[in-house]
Amino acid sequence: MSVQDKLNELGITLPPVSVPAAAYVPFAQTGNMVFLSGHIAKKDGKPWVGQLGLTMTTEEAKLAARAVAIDLMGTLDAACKAAGKTLDDARIVKVMSLVNSTATYTEHHLVTNGCSELFGEVFGPRAGAHARSAFGVAQLPFGVCVEIELIAELG
């Protein structure tokens, strides 16, 4: 099954690439590697604000991380097209997740599963399995709960 077929089956429509909020580009390619800038969690098109351990549950933030994964796939799709490829040519290599959390919150890895699990489902066990890091941070842009960046390889 193609990546697009899987997205259709899941009822996921990829968004267009977001306009950068500062001095950066949405993605940069060198060789076969594509580096996607951090994408923030959005709900109903607005920053998904929250802090884990204070105003938000792990399950809610996991949904926010899943929403970020969908935005990342939209940007990855644009990067693939710019390189004359499709999402079927992409392999997820590395995910780095930043979770807005209190000093005592310790479930960052569970929040990030919202992103990682969706990549595994959409890209499959070979192209969707990836290395990753999940960090707790004191704050993120706009007060969002999660920001995630991605490195992919284009075959």
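Using a distance-only test at 3.5 Å, with no hydrogens or angles considered, no donor-acceptor pair links the side chain of N32 to the main chain of G155. For Q29 (side chain) and G31 (main-chain N/O), a donor-acceptor pair under 3.5 Å exists by modelled atom type.
Hydrophobic clustering places V146 together with I12 (ILVMFWY residues linked when any side-chain heavy atoms are closer than 4.5 Å, directly or through intermediates). A continuous path of Ile, Leu, Val, Met, Phe, Trp and Tyr side chains, each step under 4.5 Å between heavy atoms, connects L10 with L72, placing both in one hydrophobic cluster. One hydrophobic cluster holds both L140 and M96 under the rule that ILVMFWY side chains link at heavy-atom gaps under 4.5 Å. In this structure, Y105 is a member of the same hydrophobic cluster as L63, with clusters built from ILVMFWY side-chain heavy atoms closer than 4.5 Å. Residues V111 and L98 do not share a hydrophobic cluster, clusters being chains of Ile/Leu/Val/Met/Phe/Trp/Tyr side chains in contact below 4.5 Å.
R132 pairs with exactly one of I148, V95, I92, L150 by the side-chain contact (heavy atoms from CB on, under 4.5 Å) rule, that one being V95. Each of L7, V3, V68 was evaluated against M73; a single residue qualifies, L7, per the side-chain contact (heavy atoms from CB on, under 4.5 Å) test. The side-chain contact (heavy atoms from CB on, under 4.5 Å) test with C80 is passed by exactly one of T86, L87, D88: L87.
Across every non-hydrogen atom of S18 and K42, the tightest pair is OG-NZ, 3.0 Å. Shown here for H108 and V99, the closest heavy-atom pair between the two residues is CD2-CB, 3.7 Å. Smallest separation of non-hydrogen atoms from L52 and T57: CD1-O, 3.4 Å. For the residue pair A67 and W48, the shortest heavy atom distance occurs at CB-CZ3, 4.3 Å. Residues S133 and K94 come closest through the heavy atom pair OG-NZ, 3.3 Å. Between S97 and T112, the shortest heavy-atom distance links the atoms OG-OG1, 2.8 Å.
Note that the CZ atom of F27 and the NE2 atom of H39 stand 10.0 Å from one another [nearest 0.5 Å]. Atom NZ of K43 sits about 9.0 Å away from atom SG of C145, to the nearest 0.5 Å. E121 CD to L118 CG: the interatomic distance, rounded to the nearest 0.5 Å, is 6.0 Å. In this structure, NE2 on H130 lies 6.0 Å from SG on C115, to the nearest 0.5 angstrom.
Inter-residue side-chain proximity for E147 and P141 is flagged as met; some heavy-atom pair is nearer than 4.5 Å. Looking only at side-chain heavy atoms (C-beta outward), F123 and L76 come within less than 4.5 Å of each other.
Judged purely by distance below 3.5 Å, without hydrogens or angles, the side chains of N100 and Q51 pair a donor atom with an acceptor atom.
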Exercise. Let me see the working for V34 and L154 under side-chain contact (heavy atoms from CB on, under 4.5 Å), right down to the final yes or no.
Key: CA-CA 7 Å; V34 178; L154 301 183; 3.6 Å; yes
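A salt bridge links K62 with E117; the closest basic N to acidic carboxylate O contact falls under 4.0 Å.
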